[in-house]
Amino acid sequence: DTGVSQDPRHKITKRGQNVTFRCDPISEHNRLYWYRQTLGQGPEFLTYFQNEAQLEKSRLLSDRFSAERPKGSFSTLEIQRTEQGDSAMYLCASTRLWGRHSYEQYFGPGTRLTVT
Amino acid sequence: AQTVTQSQPEMSVQEAETVTLSCTYDTSESDYYLFWYKQPPSRQMILVIRQEAYKQQNATENRFSVNFQKAAKSFSLKISDSQLGDAAMYFCAYITPGNTPLVFGKGTRLSVIA
């Protein structure tokens, strides 16, 4: 079974541009999470999905951020009108709620966003 | 709100020695899970060990073990026979089944000295 994958791994964009990131979770995991991590800090929760339903959004997720998970498989995170403060590592994680490894979140390699 | 505190921003250990990383958390829940994650420089975050709050026995995974003190809300990680590959940021994290985002501490940077 492959792990969580994210694309792209790095993104450099100019302030004001829109960017979109993709996450492919582990296939049998029905929950998918997005986190943001800035240098020297732990990840901070942004939003999560159970199957295709977006169940919770952090107040960190401003109106410029939107996330989708069509058909309950991969997910996309879009940032509109990027700002320099959006520069961070965006992490995706997935998990399942049953079985021996329930609630363990497995992380992808992240997408590092630099806004110039 | 649940919080996780890691009071040691940096730690170092000699190769083959033992080191303990500290973590405390604040919660009013009785059912929860605790994790230690490792994040090597510029690399993926990986799960090291997990502990269910209802289990009294401390979790172990090879050279990694925890000291879980539920009453004190303490969850320390012990790394035995430290190896150069153990050098990384270590994050303590907490989750409740009904409140699903992981809550992370700020991390401890571990250096291993050859």
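Within every chain, numbering begins at 1; the chains are lettered A, B, ... in the order of the sequence lines, protein sequences first and strands thereafter.
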- Query: Where is the tightest heavy-atom contact between Cys92(A) and Val4(A), given as atom of each residue plus distance?
  - Reply: O-CG1, 4.0 Å
- When heavy-atom pairs shorter than 4.5 Å are enumerated against chain A, which of Met45(B), Gln6(B), Arg109(B), Met89(B) gives the highest number? Met45(B)
Could you list the donor-acceptor pairs under 3.5 angstrom formed by side chains in residues 11-20 of chain B, with sequence neighbours left out?
none

- Message: Taking the basic N atoms (NZ, or NE/NH1/NH2) and the acidic carboxylate oxygens, is any pair closer than 4.0 Å for Glu83(A) and Arg81(A)?
- Response: no
- Interface residue of largest heavy-atom contact number with chain B, from Gln50(A), Gln105(A), Met89(A), Arg112(A), under 4.5 Å: Gln105(A)
- In terms of the angle between their ring planes, are Phe35(B) and Tyr37(B) parallel, tilted or perpendicular, with boundaries placed at 30° and 60°? tilted
- Backbone of Gln8(B) reached by a side-chain donor or acceptor of Thr108(B) within 3.5 Å: yes
- Message: Counting only non-hydrogen atoms closer than 4.5 Å, can you tell me which residues of residues 31-47 of chain A sit against chain B?
- Response: Arg31(A), Tyr33(A), Tyr35(A), Gln37(A), Gly40(A), Gln41(A), Gly42(A), Pro43(A), Phe45(A)
- Message: Side chains of Thr27(B) and Tyr32(B) only: does a donor on one sit below 3.5 Å from an acceptor on the other?
- Response: no
- Does one side chain, of Tyr106(A) or Glu104(A), offer a donor that lies under 3.5 Å from an acceptor on the other? yes
